Amino acid sequence: MKQKLLSIFSFLLFLALLIPFAYSSSRLGTLLFEGLFALGFYSPLVLAAIGFIAAWSGVKGVYRMLLTSGHGFLFVLYAVLLFVAKFGFQEP
């Protein structure tokens, strides 16, 4: 039962981190990005790491593989996005 709850929690975190990219060109996506970063600048990385740990502790099999690889991909994506936001827009 505990493993199922961890997998569900990991899936919900995955959706919370993925939805802003899905609606990035709409007003809703902009509001979701702002809401996600309102928690903190590094909160997407922390949430992706928590989701990865929850997925790793969750149900074994295909679900674990998909959730861990999905959270790993989102962690790298948000890390690149935060790196560009922090260091890429500085004036020379």
Side-chain angles (χ1 to χ4, degrees):
M1 181 68 176
K2 180 183 172 185
Q3 290 179 339
K4 286 184 181 181
L5 290 175
L6 285 171
S7 292
I8 291 170
F9 177 67
S10 175
F11 180 70
L12 291 175
L13 280 177
F14 181 74
L15 285 180
L17 292 170
L18 186 66
I19 286 175
F21 285 109
Y23 292 106
S24 62
S25 62
S26 69
R27 185 169 183 234
L28 176 66
T30 305
L31 291 174
L32 290 172
F33 265 125
E34 289 174 0
L36 187 61
F37 286 110
L39 296 173
F41 188 68
Y42 295 106
S43 64
L45 292 178
V46 173
L47 290 176
I50 291 171
F52 183 84
I53 293 169
W56 191 261
S57 307
V59 176
K60 293 182 180 180
V62 176
Y63 300 117
R64 178 186 281 185
M65 181 187 66
L66 290 174
L67 285 173
T68 53
S69 61
H71 280 290
F73 175 73
L74 284 176
F75 183 84
V76 169
L77 189 64
Y78 274 110
V80 168
L81 181 69
L82 292 176
F83 179 78
V84 169
K86 189 165 184 161
F87 298 111
F89 295 120
Q90 295 179 353
E91 293 183 20

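Only a predicted model underlies this, so the values are computations on that prediction, with no experimental measurement involved.
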Side chain to side chain donor-acceptor pair (under 3.5 Å) pairs touching residues 44-54, sequence neighbours excluded, are none

Sorted by chain and number, sequence neighbours left out, side-chain contact (heavy atoms from CB on, under 4.5 Å) with L18 holds for F14, L74

Residues 41-50, side-chain donor-acceptor partners within the protein, below 3.5 Å, at least two apart:
residue, atom, partner, partner atom, Å
Y42, OH, K86, NZ, 3.1
S43, OG, L36, O, 2.9
S43, OG, G40, O, 2.9

Applied to residues 1-17, the side chain to side chain donor-acceptor pair (under 3.5 Å) test, sequence neighbours excluded, yields S10-H71

- Query: Is I19 reachable from L12 through a run of I, L, V, M, F, W or Y residues, each pair having side-chain heavy atoms under 4.5 Å apart?
  - Reply: no

Worksheet entry | Cluster link F75 to L13, ILVMFWY, side chain under 4.5 Å | yes

Sorted by chain and number, sequence neighbours left out, ring pair (Phe, Tyr, Trp, His ring centres under 6.0 Å) with F11 holds for none

Ignoring hydrogens and angles, write down the donor-acceptor pairs under 3.5 Å from the side chains of residues 53-62, residues two or more places apart or on other chains.
residue, atom, partner, partner atom, Å
S57, OG, I53, O, 3.0

Hits for side-chain contact (heavy atoms from CB on, under 4.5 Å) against F83, two or more places apart or cross-chain, chain-then-number order -> F87

Residues joined to L31 in its hydrophobic cluster, side chain to side chain under 4.5 Å directly or through other members, sorted by chain and number, are none

Output for pair (I8 CD1, Y63 OH), nearest 0.5 Å, gives 11.0 Å

